[in-house]
Amino acid sequence: PHGSKLDRLPHVPQPIGSRAIRDWVARSAPLVGLPGHIHESPEVSGSFVDEIGSTLCVNPGQSPERLQAVLLDLDRPRETCRHTVFS
């Protein structure tokens with residue numbers, strides 16, 4: 001989503017995420033959003049999660065060297081969200 005910690009690329013100073021996705025998340029308020037298209041974002045921003053209104057948005061990131069995942073319990077996503085890296 002545009003303007004979040006999940007829409008950053010290295011060496012690009014401005015947000016590049018989707019305004020339409022951000023608007024939809026803000027309007028619809030799902031429990032969890034999983035926008036993972038910008039794989040580099042967690043490394044660039046330093047965070048694999050952000051919140052838009054009441055929605056927890058998660059992007060585990062990805063790189064050619066490491067498989068990354070997020071594990072969470074949908075009954076308690078904020079309390080259980082954990083980032084995992086498989087080398």
Side-chain angles (χ1 to χ4, degrees):
H2 183 80
S4 71
K5 296 174 187 173
L6 309 178
D7 79 336
R8 305 287 187 226
L9 277 177
H11 314 296
V12 178
Q14 71 275 5
I16 62 160
S18 169
R19 292 175 193 270
I21 294 294
R22 183 179 188 93
D23 292 345
W24 182 86
V25 169
R27 260 191 340 273
S28 302
L31 180 63
V32 176
L34 303 170
H37 182 75
I38 305 173
H39 304 289
E40 305 88 347
S41 196
E43 283 193 34
V44 174
S45 72
S47 182
F48 65 93
V49 297
D50 202 354
E51 293 189 15
I52 298 174
S54 63
T55 301
L56 178 68
C57 294
V58 182
N59 176 355
Q62 192 66 21
S63 70
E65 300 84 30
R66 302 181 312 178
L67 174 63
Q68 300 177 56
V70 173
L71 306 170
L72 56 88
D73 179 340
L74 288 178
D75 290 328
R76 297 178 14 250
R78 282 175 178 73
E79 296 86 1
T80 61
C81 189
R82 302 288 180 265
H83 188 252
T84 303
V85 177
F86 302 95
S87 296

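Both backbone and side-chain heavy atoms feed into the values below; hydrogens, waters and symmetry mates do not. Given the structure is predicted, the values throughout are model-derived calculations rather than measurements.
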Return yes if some donor-acceptor pair links the side-chain N/O of [X] with the main-chain N/O of [Y] below 3.5 Å, else return no.
{"X": "Asp7", "Y": "Pro15", "answer": "no"}
{"X": "His83", "Y": "Pro60", "answer": "yes"}
{"X": "Ser45", "Y": "Leu6", "answer": "no"}
{"X": "Thr80", "Y": "Asp73", "answer": "yes"}
{"X": "Arg22", "Y": "His2", "answer": "yes"}

Grouping I, L, V, M, F, W and Y whenever their side-chain heavy atoms are under 4.5 Å apart, do [X] and [Y] come out in a common cluster?
{"X": "Leu74", "Y": "Val49", "result": "yes"}
{"X": "Val32", "Y": "Leu71", "result": "no"}
{"X": "Leu34", "Y": "Val25", "result": "no"}

- Message: Are more than 12 heavy atoms, taken from residues, nucleotides or ligands other than Ile38, located less than 6.0 Å from that residue's CD1 atom?
- Response: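 Count over threshold, so yes.
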- Message: What verdict does the side chain to side chain contact (heavy atoms under 4.5 Å, CB included) test give for Glu51 and Arg78, after you've listed the backbone C-alpha separation in whole Å, the side-chain angles of each residue and the deciding distance to 0.1 Å?
- Response: CA-CA 10 Å; Glu51 293 189 15; Arg78 282 175 178 73; 3.2 Å; yes
- Message: Within the structure provided, determine whether Cys57 and Lys5 are in side-chain contact (heavy-atom separation under 4.5 Å).
- Response: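 With C-beta onward as the side chain, the pair stays apart.
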- Sort out for me which residue in Ser41, Ser4, Pro1 forms a side chain to side chain contact (heavy atoms under 4.5 Å, CB included) with Asn59. Ser41
